[in-house]
*Asks:* 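One structure follows; several queries about it will come next.
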Amino acid sequence: MYRQLAIGALASHLKEGDMCFRAGVLILALCCSAQAQISPTGPPQNAPPAETMQPAPAQSEDEARQKLAASGYSDVRELARTSDGGWTAKALVNGRTSTVDLNPKGEVRSRD
């Protein structure tokens, strides 16, 4: 916006007969305006940091197994969907069997 104002002020101070220069200034102003409207790649400026974003819920049995494995659980068995849309299973962690829950928010918790 400031670029447009500065370019517009410059153009208004030129002689009326210098139409070619005015056209150039106008094209430059349009290019600057178009460039300012291009959205950047990556997350939006107001997006929360990645570490505070909630994990996605597991929609399938395979996704649930992958999330449990990524949380350090192995030998996942008796995997079952819970009434709230989460998952529960028996799994090994630190060499012992534990009952583990994967809630609908994607958070993993051990009950034992």
*Asks:* For V108 and K67, which heavy atoms make the closest approach, and how far apart are they?
*Replies:* CG2-O, 4.3 Å
*Asks:* Nearest 0.5 Å, what's the CG-OG1 distance between L102 and T82?
*Replies:* 8.5 Å
*Asks:* Which distance, rounded to the nearest 0.5 Å, do you find between the NZ of K90 and the CG of L68?
*Replies:* 13.5 Å
*Asks:* Quick check against the 3.5 Å criterion: does R77 have a side-chain atom that pairs as donor or acceptor with the backbone of D75?
*Replies:* yes
*Asks:* Counting only heavy atoms not in D84, do more than 12 sit closer than 6.0 Å to its CG atom?
*Replies:* yes
*Asks:* Does any non-hydrogen side-chain atom of R65 lie less than 4.5 Å from one of L79?
*Replies:* yes
*Asks:* Taking side chain to side chain contact (heavy atoms under 4.5 Å, CB included) as the criterion, tell me which of E78, R111, R81 meets it with T88.
*Replies:* R111
*Asks:* For the atom pair OG (S98) and OH (Y73), what is the distance rounded to the nearest 0.5 Å?
*Replies:* 5.5 Å
*Asks:* Would a single hydrophobic cluster contain both V100 and V93, if residues Ile, Leu, Val, Met, Phe, Trp and Tyr are joined by side-chain heavy-atom contacts under 4.5 Å?
*Replies:* yes
*Asks:* Distance only, no hydrogens: is a donor on one side chain within 3.5 Å (strictly under) of an acceptor on the other, for S60 and D62?
*Replies:* no
*Asks:* Between E107 and N103 (side chain of the first, backbone of the second, donor and acceptor by atom type, cut-off under 3.5 Å), is there such a pair?
*Replies:* no
*Asks:* Test of understanding: with side-chain hydrogen bond (donor to acceptor under 3.5 Å, both in side chains), list the residues that count as partners of S71, not counting sequence neighbours.
*Replies:* none
